[in-house]
Protein chains: 2
Amino acid sequence: MKRGEPVDPAAPYLDRLRKAKVKVTANRQRVLGRFLEGDKPWTLQSLHRSLGREFDLSSVYRALSALRTSGLLEEFRLPGEKETFFSLIKHPEKSAAPGARGLGAKTRAHPHHHHHIVCRDCGLVSHLDICVPAGLMGKVEDASGFRITEHHLEFKGVCGNCK
Amino acid sequence: MKRGEPVDPAAPYLDRLRKAKVKVTANRQRVLGRFLEGDKPWTLQSLHRSLGREFDLSSVYRALSALRTSGLLEEFRLPGEKETFFSLIKHPEKSAAPGARGLGAKTRAHPHHHHHIVCRDCGLVSHLDICVPAGLMGKVEDASGFRITEHHLEFKGVCGNCK
DNA sequence: CTCTAAATGCAACTAACTTGCAATTGCAAT
DNA sequence: ATTGCAATTGCAAGTTAGTTGCATTTAGAG
Ligand SMILES: [Mn+2]
Ligand SMILES: [Mn+2]
Ligand SMILES: [Zn+2]
Ligand SMILES: [Zn+2]
């Protein structure tokens, strides 16, 4: 780590885009910027509102799609919520190779996998650095005869502020 | 348990409806019937297709809504899937009091809770009698400062037949 | 600086619900 | 068994959230 060189938090993400031969456009940097502002998930609609119609919904849609398929974002859904959420993947340089095109395409290998808890009162989303214990996974495989390839775990509750 | 009396698997569910002062209609019994045929999640659309347009989509919608808010069904969503899934709650007689009206309304306390694993190749759904370990729940509450009221866990994989 | 495949803006379109309202019906009270 | 009526249903219309075709613009390799 050299001293004096300013660290651009966007740099590893832009590198990842270039590596995926995806153009680094103003549009995409703008969307990425929102994700870099804080550890906060966004939806297509919330991003579009936040960006003030400075560009089209379909452009936000395709920016999200590009960032997701390039391995910068991951997607998840919550019961009782209509919209799909996206959150920034930490350490994109270590994440799995990009997968299928288009939103809604199946997510592949879990890069820096984690889960979420959402406040049922104020909607606050908190990221959790936990995962399903290996022991439980084994139990599931034994009990079902399946080989597990994917799992999804979401919590809902009441946040510290709303308690 | 008296001998000779036929056991109707629908009975406890219909009781629950009556207890909630929700009318037991042909429509609702029909939808409930599909859930009783097997431990399989349904969506609004898959149910509507399965019932062969014998009744309207909005009727299926409202039947699901009624069964859900009466505590007979629970709802969940999966990343990469557009539709909302519903699954039958086991032992509805022990489940929590009915909550808010309408689909998409928040789910409350989980009665006789369980989870599923779905085969990514043939769609087979297997019921799992496991749940998130209490220790993990505690860790989540400590790390997030939330009080957990609800959780959703789904597995995907390859079943014994498709392996 | 040129060239071209990739990305964008706009509009049209689809999928998945969701709701208003008039006709019908479950079921409680005769 | 019949009645009364609020709850439920069918139909049509509306909404939300996402998706796509196409003409124009642009990133970035050469
Ligand atoms: Mn996250
Ligand atoms: Mn379950
Ligand atoms: Zn809160
Ligand atoms: Zn299978």
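Just so it is clear, the values below take in all heavy atoms, side chains as well, and ignore hydrogens, waters and symmetry mates. Just so we're on the same page: letters track the sequence lines, and every chain starts at 1.
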Original post:
Please give, in whole Å, the distance from dG18(D) C1' to K82(B) NZ?
Top reply: 8 Å

Subject >> Sugar-phosphate or base contact per nucleotide [nucleotides 24-30 of chain D; S, B, -; heavy atom under 4.0 Å] >> reply: --BBS--

**OP:** In whole angstrom, give the distance that lies between atom CG of L57(A) and atom C1' of dC10(C).
**Re:** 12 Å

Original post:
Is there a donor-acceptor contact under 3.5 Å linking the side chains of D56(A) and S58(A)?
Top reply: yes

Original post:
Can you find a side chain N or O atom of N27(B) that sits less than 4.0 Å from OP1 or OP2 on dG26(C)?
Top reply: no

Original post:
Counting just side-chain N and O atoms, does Y61(A) come under 4.0 Å of either OP1 or OP2 of dG18(D)?
Top reply: no

Original post:
What residues form a side chain to side chain donor-acceptor pair (under 3.5 Å) with Q29(B), not counting sequence neighbours?
Top reply: none

**OP:** Measure the distance from CG on L47(A) to C1' on dA17(D) and round it to the nearest whole Å.
**Re:** 14 Å

**OP:** Please report how far the helix from dC1(C)-dG30(D) to dT30(C)-dA1(D) bends, comparing the axis fitted to its first five pairs with the axis fitted to its last five, to the nearest 10 degrees.
**Re:** 40°

Subject >> Contacts of type salt bridge (Lys or Arg N to Asp or Glu O under 4.0 Å), residue R34(B), not counting sequence neighbours >> reply: E37(B)

Output one line per pair: protein atom, nucleotide atom from nucleotides 11-14 of chain D, and distance, for all N/O pairs under 3.5 Å.
{"residue": "dC11(D)", "atom": "N4", "partner": "S58(B)", "partner atom": "OG", "Å": "3.2"}
{"residue": "dC11(D)", "atom": "N4", "partner": "R62(B)", "partner atom": "NH2", "Å": "3.3"}

Using residues 141-148 of chain B as the side-chain source, report each donor-acceptor pair under 3.5 Å to any protein atom, sequence neighbours left out, with the distance given to one decimal.
{"residue": "E141(B)", "atom": "OE2", "partner": "I148(B)", "partner atom": "N", "Å": "2.6"}
{"residue": "S144(B)", "atom": "OG", "partner": "V140(B)", "partner atom": "O", "Å": "2.7"}
{"residue": "S144(B)", "atom": "OG", "partner": "F146(B)", "partner atom": "N", "Å": "3.1"}

**OP:** Report the residues that fulfil side chain to side chain contact (heavy atoms under 4.5 Å, CB included) with V132(A), sequence neighbours left out, ordered by chain and then residue number.
**Re:** L136(A), M137(A), H151(A), L153(A), L153(B), F155(B)

**OP:** Name all residues meeting the salt bridge (Lys or Arg N to Asp or Glu O under 4.0 Å) criterion together with D15(A); count only those two or more places apart in sequence or in a different chain, and write none if there are none.
**Re:** R18(A)

Original post:
Which whole-number value in Å describes the distance from E83(A) CD to dT15(D) P?
Top reply: 17 Å

Subject >> Minimum-distance nucleotide (side-chain atoms of F55(A) versus dC17(C), dG9(C), dG18(D)) >> reply: dG9(C)

Subject >> Closest non-hydrogen atom pair, I89(A) against Y13(A) >> reply: O-OH, 2.8 Å

Original post:
Separation of E81(B) atom CD from dA15(C) atom C1', in whole Å?
Top reply: 14 Å

Subject >> Whole-Å gap separating P (dA16(C)) and CH2 (W42(B)) >> reply: 16 Å

**OP:** Applying side chain to side chain contact (heavy atoms under 4.5 Å, CB included) between R30(B) and each of T25(B), L51(B), L47(B), report the one that passes.
**Re:** L51(B)

**OP:** List for me each residue that meets side chain to side chain donor-acceptor pair (under 3.5 Å) alongside D129(A), sequence neighbours excluded, and say none if there are none.
**Re:** none

Subject >> side chain to side chain contact (heavy atoms under 4.5 Å, CB included) involving K19(B) - partner list, sequence neighbours excluded >> reply: none

**OP:** Using a cut-off of strictly less than 4.0 Å, decide whether Q45(A) has a side-chain nitrogen or oxygen near OP1 or OP2 of dG18(D).
**Re:** yes

Subject >> Rounded distance in Å - CG (L64(B)) to P (dT18(C)) >> reply: 11 Å

Original post:
Taking only residues two or more places apart in sequence or in another chain, which ones pass ring-ring contact (aromatic ring centres under 6.0 Å, His included) with F85(B)?
Top reply: F76(B)

Original post:
With R49(B), which residues qualify under side chain to side chain donor-acceptor pair (under 3.5 Å), at least two apart?
Top reply: none

Original post:
For dA16(C), does OP1 or OP2 lie under 4.0 Å from any side-chain N or O of T84(B)?
Top reply: no

**OP:** Figure out the CZ/P separation between R68(A) and dT19(D), and round it to whole Å.
**Re:** 11 Å

